[in-house]
Trainee: 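What follows is a structure written as structure tokens; I'll ask about it next.
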Amino acid sequence: MTGPVLALVGATGAVGTVMVDIMNGRESVPWGEIRLIASARSAGKKITVRGEELTVVALSPEAFDGVDVAMFDVPDEVSAEWAPIAASRGAVAVDNSGAFRMDDEVPLVVPEVNSDQISNRPKGIIANPNCTTLSMMASLGALHREFELRELVVASYQAASGGGQAAIDRLRAELEAVAGKDVGVRAGDVREVLDAAGLPVADSPFPAPLALNVIPWAGSLKDEGWTSEELKVRNESRKILGIPDLKVSATCVRVPVVTTHSLAVHAVFVREVTVEAAHKIFAAQPSIVLVDDPAAKSFPTPADVVGGDPTYVGRVRQALDFPNALDFFVCGDNLRKGAALNTYEIAEGLADRL
């Protein structure tokens, strides 16, 4: 098969594994060759991609020779070092980390919203947004094109998997520890059960118990009490939508869900907006599934969305007491559309432009 050469850096990681699943599920791919790259300790592993057993090669400058598009699913510091190396060897680097998202010379792309920016890459690098921001971008982008977004207030309900495998393992261990026990009815009893099970909060990636609880904290502490995740929602929304003065306020909450982020969105527009008009816009978007029947208690939840490619939207309401505003709820699998799928869709968009 002829076509451009694609490299996947971080092929053996959590998001890289999802990326392989996505490629295996495609009816067709535009690539003449797919190259799998990972750390030296993973080199030599065999992974089947589209019916062909491929051998993982170690990350090195030479690994990018002949590569047209290189997808990076690795930590920030690895991308910061190696994405420019890939670009210097002639590849376009599509980076899923946070290393380049706010770089003025690196576009931050969601294909449904700003695919034109794929061609604007002076450093040879394209960034993929944070999974929380990304979960609401298809819906907000569609509404913005019609009604012009001006203000955004968001509460996120973020799955444990956003914190990596260690966070997933911790949630599962906590759930096992509290299962069947009479906990959650007295202050501190969840912590007591976890302590007794050898799971003190001091050893957790979370600042409080996550089982039978929610934690109003995701990310690291930044100025004036904001977290890094909350500032990402603000800064990335502005860049993706092309609204540098967009007013944004976010509160990010960790919830006891393994995978799929949810967001309660309050969006204020310049022009008058109605639920009926929003329903038509959402229903017309191929990457959005509208699930919104209040009488039937029909709305999206993480348990129904996990493992799927689209984002799901429901609970669409005319905002009370706020003109030109909508409230709605959105769910998106943070490991698929929130990371692997969007990165791959950018790469596919590049294939058409090479």
Trainee: Just by distance, do the side chain of Lys239 and the backbone of Asn235 share a donor-acceptor pair under 3.5 Å?
Mentor: no
Trainee: What's the separation between atom CZ in Phe72 and atom CG in Leu59, rounded to the nearest 0.5 Å?
Mentor: 7.0 Å
Trainee: Where do Val109 and Asn342 come nearest, in terms of heavy atoms and distance?
Mentor: O-ND2, 3.0 Å
Trainee: Any salt bridge linking Glu146 with Arg271? Criterion: basic side-chain nitrogen under 4.0 Å from a carboxylate oxygen.
Mentor: no
Trainee: Considering only heavy atoms from C-beta outward, does the side chain of Met136 approach that of Leu152 to under 4.5 Å?
Mentor: yes
Trainee: Decide whether Phe147 and Ile243 are clustered together by the hydrophobic rule: side chain heavy atoms of Ile, Leu, Val, Met, Phe, Trp, Tyr closer than 4.5 Å, transitively.
Mentor: yes
Trainee: Assess whether atom NZ of Lys247 is packed by more than 12 heavy atoms of other residues, nucleotides or ligands within 6.0 Å.
Mentor: no
Trainee: If we ignore hydrogens and angles and just use 3.5 Å, is the side chain of Arg191 paired with the main-chain N or O of Pro200 as donor and acceptor?
Mentor: no
Trainee: Any side-chain heavy-atom pair from Val291 and Asp304 closer than 4.5 angstrom?
Mentor: no
Trainee: Measuring from Ser135:OG to Leu263:CG, what's the distance to the nearest 0.5 Å?
Mentor: 5.5 Å
Trainee: Considering only heavy atoms from C-beta outward, does the side chain of Pro256 approach that of Leu171 to under 4.5 Å?
Mentor: yes
Trainee: Report yes or no: does Asn96 contribute a side-chain atom to a donor-acceptor pair with the main-chain N or O of Asn128 at less than 3.5 Å?
Mentor: no
Trainee: Please check if the number of heavy atoms outside Asp293 that lie under 6.0 Å from its CG is greater than 12.
Mentor: yes
Trainee: Could you check His266 against Phe322 for side chain to side chain contact (heavy atoms under 4.5 Å, CB included), going step by step and ending with a plain yes or no?
Mentor: CA-CA 10 Å; His266 174 83; Phe322 295 89; 3.8 Å; yes
Trainee: Given 3.5 Å as the limit, does a donor-acceptor pair link the side chain of Asp203 with the main chain of Leu199, or not?
Mentor: no
Trainee: Using a 3.5 Å distance criterion without hydrogens, assess whether the side chain of Asp68 forms a donor-acceptor pair with backbone atoms of Ala91.
Mentor: no
Trainee: Evaluate Phe328 against Leu290 for side chain to side chain contact (heavy atoms under 4.5 Å, CB included), listing each step before the verdict.
Mentor: CA-CA 11 Å; Phe328 60 92; Leu290 179 64; over 6 Å; no
Trainee: For the backbone of Leu134 and the side chain of Asn334, can you confirm whether one donor and one acceptor N or O come within less than 3.5 Å of each other?
Mentor: no
Trainee: Assess whether atom CD of Glu272 is packed by more than 12 heavy atoms of other residues, nucleotides or ligands within 6.0 Å.
Mentor: no
Trainee: Hey, are Glu192 and Arg186 close enough for a salt bridge, meaning a charged N less than 4.0 Å from a carboxylate O?
Mentor: no
Trainee: Can you tell me if Arg315 has over 12 outside heavy atoms packed within less than 6.0 Å of its CZ?
Mentor: no
Trainee: Just wondering, do Arg89 and Val67 contact through their side chains at under 4.5 Å, heavy atoms?
Mentor: no
Trainee: Any link between Trp31 and Met71 through a network of hydrophobic side chains (Ile, Leu, Val, Met, Phe, Trp, Tyr) touching at under 4.5 Å?
Mentor: yes
Trainee: Salt-bridge test for Arg170 and Glu174: reply yes if a basic N is under 4.0 Å from a carboxylate O, no otherwise.
Mentor: yes
Trainee: Could you walk me through whether Glu230 and Thr251 satisfy the side chain to side chain contact (heavy atoms under 4.5 Å, CB included) test, starting with their C-alpha distance in whole Å, then the side-chain angles of each, then the deciding distance to 0.1 Å, before giving a yes or no?
Mentor: CA-CA 6 Å; Glu230 291 159 351; Thr251 299; 4.2 Å; yes
Trainee: Name all residues meeting the ring pair (Phe, Tyr, Trp, His ring centres under 6.0 Å) criterion together with Phe100; count only those two or more places apart in sequence or in a different chain, and write none if there are none.
Mentor: none
Trainee: What closest approach, in Å, do Ala40 and Ala58 show between heavy atoms, and which atom pair accounts for it?
Mentor: CA-CB, 4.1 Å
Trainee: Would you check if Cys252 and Trp217 make a side-chain contact, meaning some heavy-atom pair closer than 4.5 Å?
Mentor: no
Trainee: Work out which heavy atom in Arg353 is nearest to a heavy atom in Ser115; give both atom names and the distance.
Mentor: NH2-O, 3.5 Å
Trainee: Should the heavy atoms of other residues, nucleotides or ligands under 6.0 Å from CD of Gln165 be counted, would the total exceed 12?
Mentor: yes
Trainee: Could you point out which residue of Leu194, Val183, Val178, Asp182 forms a side chain to side chain contact (heavy atoms under 4.5 Å, CB included) with Asp189?
Mentor: Val183
Trainee: Show the nearest heavy-atom pair for residues Ser28 and Arg50, with the distance to one decimal.
Mentor: CA-NH2, 3.7 Å
Trainee: Could you report the tightest heavy-atom contact between Gly141 and Val113, atom names first, then the distance?
Mentor: CA-CG2, 4.1 Å
Trainee: What about Val330 and Val305, same hydrophobic cluster or not, with Ile/Leu/Val/Met/Phe/Trp/Tyr joined at side-chain heavy-atom distances under 4.5 Å?
Mentor: no
Trainee: Is Arg150 reaching over with its side chain to a backbone N or O of Leu246, donor-acceptor style, under 3.5 angstrom?
Mentor: no
Trainee: Answer with yes or no whether the hydrophobic clustering places Leu350 together with Val5; edges join I, L, V, M, F, W, Y residues whose side-chain heavy atoms lie under 4.5 Å apart.
Mentor: no
Trainee: So do Pro129 and Ile240 actually touch side chain to side chain, heavy atoms under 4.5 Å?
Mentor: yes
Trainee: What's the shortest heavy-atom distance between Gly308 and Asp333, and which atoms?
Mentor: O-CB, 3.8 Å
Trainee: Backbone N or O of Ala138 within a donor-acceptor pair of the Gln285 side chain at under 3.5 Å?
Mentor: no
Trainee: Working to the nearest 0.5 angstrom, can you tell me the gap between Leu241 CG and Glu236 CD?
Mentor: 11.0 Å
Trainee: Within the structure provided, determine whether Asp292 and Phe329 are in side-chain contact (heavy-atom separation under 4.5 Å).
Mentor: no
Trainee: Roughly how far, to the nearest 0.5 Å, is CE of Met19 from CG of Leu36?
Mentor: 11.0 Å
Trainee: Using the side chain to side chain contact (heavy atoms under 4.5 Å, CB included) rule, take Ile47 and Leu54 through it: C-alpha gap first, then chi angles, then the decisive distance, then the call.
Mentor: CA-CA 5 Å; Ile47 298 175; Leu54 302 180; 5.5 Å; no
Trainee: Are Ile22 and Val20 connected in a single hydrophobic cluster, I mean Ile/Leu/Val/Met/Phe/Trp/Tyr linked by side-chain heavy atoms less than 4.5 Å apart?
Mentor: yes
Trainee: Check for a donor-acceptor pair, side chain of Arg35 on one end and backbone N or O of Ala63 on the other, with a separation under 3.5 Å.
Mentor: yes
Trainee: Any donor-acceptor pair under 3.5 Å linking the side-chain atoms of Thr227 with those of Glu229?
Mentor: no
Trainee: In Å and rounded to the nearest 0.5 Å, what is the CH2 to CD1 distance from Trp82 to Ile37?
Mentor: 9.5 Å
Trainee: So, do His261 and Ser156 sit near enough that their side-chain heavy atoms are less than 4.5 Å apart?
Mentor: no
Trainee: In Å, rounded to the nearest 0.5 Å, how long is the span from CD1 of Ile34 to CD of Glu52?
Mentor: 8.0 Å
Trainee: I'd like to know whether CD of Glu276 has more than 12 heavy-atom contacts from other residues, nucleotides or ligands below 6.0 angstrom.
Mentor: no
Trainee: Tell me if a side-chain donor or acceptor on Ser249 pairs with a main-chain N or O of Val153 at a distance below 3.5 Å.
Mentor: no
